[in-house]
Amino acid sequence: MSTATDLSRLHYADIWPPLFTTESYSSYNQFQGIYRGKQYHEPDFAEVLQRAQEYGCQKIILTTTTLARAHENLKIVQQYPDICTMTLGVHPYHAAEIYQTDGKTYLDALRALCNELLAHSPSPLVAFGEIRLDYAYLQRSDKETQQRAFRDQLDIAVGMQLPLFLHVRDSCADVVEIITSYLSRLPRGGLVHSFAGTKDEMLQLVALGLGISGNGVSFRTEEQLEMVKRIPLDRLQLETGAPWCEIVEDERIAPFLARARPLPPTRKHGKFIRGQMVKGRNESCRWRGWRWLWRV
């Protein structure tokens, strides 16, 4: 168990879910002051990053969902190279896009971009993903297509020798079945992020040598709380999932969060004041409170 003195010296690299999700919607808009298509305040993305660093968050990993979105993430990484890095992979929501033609063209382009980014020094690319199976939203890509994309991208990952960046939702058994044969060729392992499954599922993933990362979605049910308690500390990683995935405070959680360094005031986005946080918009600076919930 770490001491309070040890905690004060901790530094952190956060993971953000996709900022660029579809052509019509972007989480990044919130950092531009845009909510539901309407401009409420001036952009404050730079201030959010500065606030993260002031609270000990040294790096932020931007999650990629498609080839097109990868180039948008890369622009941000190039603008803020001291703090921002990125992943590369096709999210299961977009798995069907790979095979709109023959599949090979898209996968070859993905492999080429990966090689190009790895050739940079230092490389902005720190993990391969977000790849996964997500059976909660099959209207976007069916199980067969998701599994095909998962295998095809694992084949690319073996050649790149990057850590895997994974997500498992309502699909643990199939993920375990597919990924097991690849892990001996992926010595850097991987991380299952934003995990909100059961204790038994978590233990299956840990048994494969994978890390488990959680955020606010990991604390919402009694079953999830039991799962969180059982994550081995040497497999546990933290993330905020900003700008989403806040922890909902209740009487069980509030005393732990109260131990942390106070955060700036929060205001609704329509009453924005520069230097303050936006209510309902998660940020990386919150990690210093969340760590108390994970027995760190």
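Keep in mind it's a predicted model, so treat the numbers as computed, not measured. Every heavy atom of this structure was used, including side-chain atoms; hydrogens, water molecules and symmetry mates were not.
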*Show the numbers, then the answer: is there a side-chain contact (heavy atoms from CB on, under 4.5 Å) between F195 and M227?*
CA-CA 10 Å; F195 188 72; M227 177 273 295; 3.7 Å; yes
*Show your reasoning for whether side-chain hydrogen bond (donor to acceptor under 3.5 Å, both in side chains) applies to R132 and H91.*
CA-CA 7 Å; R132 71 188 199 186; H91 191 286; 3.3 Å; yes
*Run the numbers on L238 and S213 for side-chain contact (heavy atoms from CB on, under 4.5 Å), then give the verdict.*
CA-CA 5 Å; L238 313 183; S213 179; 5.6 Å; no
_Checking E239 against N215 for the side-chain hydrogen bond (donor to acceptor under 3.5 Å, both in side chains) test, could you report, in this order, the C-alpha distance in whole Å, the side-chain angles of both residues, the deciding distance, and whether it holds?_
CA-CA 6 Å; E239 63 176 281; N215 50 44; 3.1 Å; yes
*I would like to know whether E223 and E226 meet side-chain contact (heavy atoms from CB on, under 4.5 Å); could you show each step before the answer?*
CA-CA 5 Å; E223 186 178 37; E226 180 62 24; 5.8 Å; no
*Audit row: N282, W244, side-chain contact (heavy atoms from CB on, under 4.5 Å) steps and yes/no*: CA-CA 6 Å; N282 200 8; W244 312 111; 5.9 Å; no
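Of the candidates D108, T101, D102, D108 is the only one forming a side chain to side chain donor-acceptor pair (under 3.5 Å) with K104. Screening Q53, E54, E47 for a side chain to side chain donor-acceptor pair (under 3.5 Å) involving Q50 leaves a single residue, E54. For the side chain to side chain contact (heavy atoms under 4.5 Å, CB included) criterion with V192, the lone passing option out of V206, L210, L164 is L210.
Within 6.0 Å of CZ on F272 lie more than 12 heavy atoms contributed by other residues, nucleotides or ligands.
Closest of all the heavy-atom pairs between Q32 and Q39 is O-NE2, 2.6 Å. Residues L110 and F128 share a closest heavy-atom pair of CD2-CZ, 4.1 Å. Across all non-hydrogen atoms, the minimal contact from I83 to L49 is CD1-O, 3.8 Å. For the residue pair S194 and H167, the shortest heavy atom distance occurs at O-NE2, 3.7 Å. Taking all atoms of both residues into account, the shortest heavy-atom contact from C84 to V77 is O-CG1, 3.3 Å. The shortest heavy-atom contact between S123 and L118 is OG-CA, 3.6 Å.
Between F45 and Y28, the ring center distance clears the sub-6.0 Å criterion.
Summarising the geometry, atom CG belonging to L186 is positioned 9.5 Å from atom CG belonging to L162; distances are rounded to the nearest 0.5 Å. Note that CE of M160 is 13.0 Å distant from CZ of R188, once rounded to the nearest 0.5 Å. For the atom pair C114 SG and I156 CD1, the distance stands at 8.0 Å (nearest 0.5 Å). A distance of 12.0 Å separates CG in L263 from CD in Q276, rounded to the nearest 0.5 Å.
Follow the hydrophobic side-chain contacts under 4.5 Å out from I179 and you reach L107 in the same cluster. F165 and L208 are members of different hydrophobic clusters when ILVMFWY side chains are connected at heavy-atom separations under 4.5 Å. Clustering ILVMFWY residues whenever any of their side-chain heavy atoms sit less than 4.5 angstrom apart, transitively, puts L133 in a cluster other than the one holding V217. Hydrophobic clustering places L138 together with I131 (ILVMFWY residues linked when any side-chain heavy atoms are closer than 4.5 Å, directly or through intermediates).
Between the side chain of K59 and the main chain of D82, a donor-acceptor pair closer than 3.5 Å is present. Side chain of E116 to backbone of A112: no donor-acceptor contact under 3.5 angstrom is found. In this structure a side-chain-to-backbone donor-acceptor pair under 3.5 Å is missing from E249 to L257. Side-chain N or O atoms of T66 include none that pairs as donor or acceptor with a backbone N or O of V90 at under 3.5 Å. Between the side chain of T64 and the backbone N or O of T87 there is at least one donor-acceptor pair closer than 3.5 Å. Side-chain atoms of S218 do not come within 3.5 Å of backbone N or O of G216 as any donor-acceptor pair. In this structure a side-chain-to-backbone donor-acceptor pair under 3.5 Å is present from T198 to E201. D14 contributes a side-chain N or O that, together with a main-chain N or O of T240, makes up a donor-acceptor pair within less than 3.5 Å. Remark: the backbone N or O of P122 is not paired with any side-chain donor or acceptor of H120 at under 3.5 angstrom.
Between E144 and R148 no salt bridge is recorded (no basic side-chain N to carboxylate O distance below 4.0 Å). Salt bridge annotation for R281-E283: present, with a cationic side-chain nitrogen under 4.0 angstrom from a carboxylate oxygen.
Taking the side chain as every heavy atom from C-beta outward, T85 and L62 never approach each other to under 4.5 Å. Side-chain contact check for D134 versus V168: every heavy-atom pair is 4.5 Å or farther apart. At a threshold of 4.5 Å between non-hydrogen side-chain atoms, the residues D152 and Y99 count as touching. Proximity of M277 to R286: side-chain heavy atoms (C-beta onward) are separated by under 4.5 Å at one or more points. Between F150 and L166, some side-chain heavy-atom pair lies under the 4.5 Å cut-off. Proximity of Y137 to R169: side-chain heavy atoms (C-beta onward) are separated by under 4.5 Å at one or more points. Under the 4.5 Å side-chain criterion, counting only non-hydrogen atoms from C-beta, Q30 is not in contact with V278. Two residues are said to be in side-chain contact when any heavy atoms from C-beta on lie closer than 4.5 Å; P92 and S141 fail this criterion.
The aromatic rings of Y40 and Y35 stand perpendicular to each other, their planes meeting at an angle above 60°, with 30° marking the opposite boundary. By the 30° and 60° cut-offs, the orientation of the rings of W16 relative to F31 is parallel.
Between E130 and H193, the side chains place a donor N or O and an acceptor N or O closer than 3.5 Å (distance only, hydrogens not considered).
A search for side chain to side chain donor-acceptor pair (under 3.5 Å) contacts involving Q153 returns nothing, not counting sequence neighbours.
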